[in-house]
Amino acid sequence: MGTQIVIGAQWGDEGKGKIVDERAAEADLVVRYQGGSNAGHTVVVDGTKYVLHLIPSGVLQSNTVCLIGPGMVVNLRELLEEIEELEKLGIDHRQRLKIARRAHVLFPFHQAADRAKEQRRGSARIGTTGKGIGPAYVDRVSRTGLRICDLDDRLRLEDHCLARLEAFGLESGARAQDSAKQIAAEYYDYYQQLKGLLVYSPEFLQTAEKQGKQILFEGAQGAMLDLDFGTYPFVTSSHPTVGGAGIGSGFPAAKIQTVTGIVKAYTTRVGEGPFPAELVGETGDLLRKQGGEYGATTGRARRCGWLDIPQLNFSVMLNGFTELVLTKLDVLSGHSEIGVVTGYLSGGEPLAAYPATVGELEAVDVELETVPGWDADISDCSQFDQLPRAAQDYVRFIEKKVGVPISCISVGPGRKQLIKL
Ligand code: GDP
Ligand code: IMO
Ligand code: MG
C-alpha cells in the first residue's frame, strides 16, 4: 500500500470520510494535516452514522492510530466533546489518539471574530462555517497564535487571551480581562486533560515510517477551497492540496506514493463563491434531495451541479492524483440524461488556464455535454460489470476526460458499498 493521501478533488464533501475509513482498515496511522472543525466527515458503519470534525476518520477502525497534525487549528473544547461522543458510542480510542504539540489552538475569540467578520461582509460574505478557521490561521501566520505546547504557562495564556480579545476588537477593559481569565482557566484545564496525548509529529511520523507502518493522510475540504489555488477569496484558510500534507505534518510530502482524489459523481459546493457547473432549479434541487446534500457541519443546503471536467483537470494539475475514487454514483440513478461540463469558454474560445479571479470564473460560458443515464438502483452492486451499461460508460467517460484511472466506485454511504476496479 505504501504512504498514501486522500484529498477532496472538488469543493469538499466528496465522501472523503467514507474512503478514509475504508482504507484505514489497512493503515496503521491516519493523519489530518489541515483545517479544523469546519470539516464534517461522515462514516456509516452497520447503519450507525458517525460525523468526525477534528478526529481523523480512521478512528472507527479499532487498530488505527490517529494523529491531529500540526497544520491543524484545534478547538480544544470541541475536541474533548468529540472524544467523549465517540466514547459514548462505544469507540474506544484514547490510547490511539495523538495530537501534535505544534498544532495551533483555536479559541472562542477566533470563532467570535469569524462570525463578526462575516456579518460585516454583508452580501460579500464567504459563507464560512463559523468555526473560527480564518482568524485562527491569521494568528498562526501573524505569529500571534498559541500552539497546544504553549498552553502550559497559565499567565502567558491569560495575557495572550486578553491581547487577542482586544486585537480582534471583540472586548476591552474590565470585560476583556474577565473573559481572558475565564478562557485561560478553561483552556489550561483542557491542556491538562489532553497533554498525555501530545507527540512531536515529525519524529512520530519518521519513527512510524522506519518501522514500516502504513501512513494515510486525510485531507479535509477540497482542492477548490485551497487558500492559494481555490476560488479565492471564497476559500478556506488552509491547504487541502497535496503540498499541504508536508507542511501540515512534518513528513516529507515527496514520500507520499499514492495520491487519491475523491470525486463526487456530480458537484456540490456549500457557502458562497463561483460555481460554473451549478444547476439552479429543478435538477439541482433533485440532486440535493437524492444525494442528501446538506452540510455535515452546519446543516446548510449544498449547492448542486453536474460534474465539472475543467475543474477536475485543474485539481489533477494541483495534486498529481495517481488514482480517483468516484463517490455517490448511486445518486445519479433515475436521470434519463446526465450532464457533464466539459469546457469553459470565453468569447467562444477555450480558456488557456483555470481562471484566477471570481469575475473571470463567473463570466465563463460552460460547454455542456450529455450522456445517457440509467434507471436501475445500483446501491447493491459490488462488481463493475453489474452496473448498467450507461453507468459503466459514464465512469469510462470521466476517466478518459480526466486522464486518471478510477480505482474504486462508491454506490452508497455504507462501508461495504464499494466497487473496486
Ligand atoms: P466528506 O466531508 O468528504 O467526508 O463528505 P461528507 O461526509 O461531508 O458528505 C458525504 C455524504 O455522502 C455523507 O452523508 C456520506 O454518508 C454520504 N456518502 C458517501 N459516499 C456515498 C455514496 O457513494 N453514495 C451515497 N448515496 N452517499 C454517500
Ligand atoms: P469537508 O472536510 C465543504 C467551506 C465553507 C466556506 C469556505 C470557508 O467536510 O469537506 P471556513 O469555515 O473554512 O473558513 O469556510 O469553505 N468549507 C467547506 N465546504 N466541506 C468542508 O469540509 C468545508 N470546510 C469549509 O462552506 O464556503
Ligand atoms: Mg464534509
Side-chain angles (χ1 to χ4, degrees), residues 6-22 32 34-45 47-54 56-57 72-73 106 110-111 113-115 117-118 125-138 218-227 230-238 240 261-275 287 289-303 325-333 377-379 381 408-419:
V6 163
I7 295 173
Q10 296 154 315
W11 275 278
D13 303 326
E14 298 89 350
K16 300 175 291 293
K18 169 178 164 159
I19 304 305
V20 167
D21 166 71
E22 194 264 333
R32 271 276 308 268
Q34 44 74 231
S37 62
N38 49 350
H41 296 173
T42 312
V43 183
V44 179
V45 185
T48 303
K49 179 167 147 179
Y50 303 85
V51 182
L52 287 321
H53 298 287
L54 288 163
S57 307
M72 290 182 71
V73 287
L106 189 149
H110 291 130
Q111 209 161 348
D114 186 10
R115 289 177 183 174
K117 195 151 189 200
E118 278 285 89
R125 69 183 177 277
I126 290 167
T128 71
T129 58
K131 292 291 187 179
I133 304 300
Y137 276 116
V138 164
E218 174 182 10
Q221 290 79 52
M224 301 311 287
L225 291 171
D226 183 274
L227 178 60
T231 46
Y232 191 88
F234 299 97
V235 293
T236 192
S237 301
S238 69
I262 312 299
V263 177
K264 199 181 284 195
Y266 48 98
T267 316
T268 61
R269 165 164 210 168
V270 58
E272 309 302 320
F275 181 2
L287 283 175
K289 189 160 165 246
Q290 290 171 323
E293 296 296 354
Y294 294 89
T297 294
T298 59
R300 291 179 292 174
R302 295 173 183 152
R303 300 155 63 192
V325 171
L326 188 68
T327 62
K328 303 192 93 161
L329 186 63
D330 55 300
V331 173
L332 293 181
S333 292
D377 176 1
I378 59 169
S379 55
C381 294
C408 182
I409 300 166
S410 173
V411 292
R415 224 180 216 176
K416 298 194 178 97
Q417 291 177 291
L418 279 178
I419 298 172

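Basis for what follows: all heavy atoms, side chains included, without hydrogens, waters or symmetry-related copies. Start at 1 and go down the list; that is how both ligands and their atoms are numbered.
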Examine ligand 1 and decide if any of its atoms is less than 4.0 Å from a heavy atom belonging to Q221.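 Contact absent.
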If you measure from each heavy atom of G412 to ligand 1, is any distance below 4.0 Å?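 G412 counts as a contact of ligand 1 under the 4.0 Å cut-off.
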Quick one: look up the protein heavy atom nearest [atom] and list residue, atom name and how far away it is.
atom                    : answer
atom 24 (N) of ligand 1 : D330 OD1, 2.8 Å
atom 7 (O) of ligand 1  : T42 OG1, 2.6 Å
atom 13 (O) of ligand 2 : T236 OG1, 2.6 Å
atom 11 (C) of ligand 1 : K328 NZ, 3.6 Å

Just by distance, do the side chain of K18 and the backbone of S410 share a donor-acceptor pair under 3.5 Å?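 Side chain of K18 to backbone of S410: no pair is present.
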Would you mind listing which atoms of ligand 2 come within a distance below 4.0 Å of any non-hydrogen atom of [X]?
X    : answer
K16  : 1 (P), 2 (O), 10 (O)
W11  : 3 (C), 19 (N)
A220 : 2 (O)
H41  : 1 (P), 2 (O), 9 (O)
G271 : 27 (O)
V235 : 7 (C), 8 (C)
G40  : 1 (P), 9 (O)

For ligand 1, does [X] get within less than 4.0 Å through its side chain, its backbone, both, or neither, judged by non-hydrogen atoms?
X    : answer
R302 : side chain
V331 : side chain
D13  : both

Hey, is [X] touching ligand 2 through its side chain, its backbone, both or neither, going by heavy atoms under 4.0 Å?
X    : answer
L225 : side chain
F234 : neither
R269 : neither
R300 : side chain
T298 : neither

At a 4.0 Å threshold, what atoms of ligand 1 neighbour a non-hydrogen atom of H41?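 Reading through ligand 1 atom by atom, the close ones are 1 (P), 2 (O), 4 (O), 7 (O).
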Give the atom numbers and elements of ligand 1 that come within less than 4.0 Å of a heavy atom of K18.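 What qualifies from ligand 1 is 20 (N).
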Who's closest to [atom] heavy-atom-wise, of [options]?
atom                    : options            : answer
atom 21 (C) of ligand 2 : R302, H53, Q221    : Q221
atom 20 (N) of ligand 1 : G15, S410, A220    : S410
atom 6 (P) of ligand 1  : G291, G8, G40, G17 : G40

Distance check, rounded to the nearest 0.5 Å: F234 atom CZ versus M224 atom CE?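 These two atoms lie 13.5 Å from each other.
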Check E218 with K16, please: is the shortest side-chain N to carboxylate O separation under 4.0 Å?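 The answer is no: the pair does not qualify as a salt bridge.
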Give a yes or no on whether A220 keeps an N, O or S atom under 2.8 Å from the Mg ion (ligand 3).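 No.
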Examine ligand 2 and decide if any of its atoms is less than 4.0 Å from a heavy atom belonging to G8.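 Checking ligand 2 against G8, which is what was asked, there is no heavy-atom contact under 4.0 Å.
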Measuring from non-hydrogen atoms of G127 to any atom of ligand 2, is the shortest distance under 4.0 Å?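 G127: in contact with ligand 2 (<4.0 Å).
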Applying the salt bridge (charged side-chain N to carboxylate O under 4.0 Å, His left out) test to E293, which of R303, R269, K264 qualifies?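 Single salt bridge (charged side-chain N to carboxylate O under 4.0 Å, His left out) partner of E293 among R303, R269, K264: K264.
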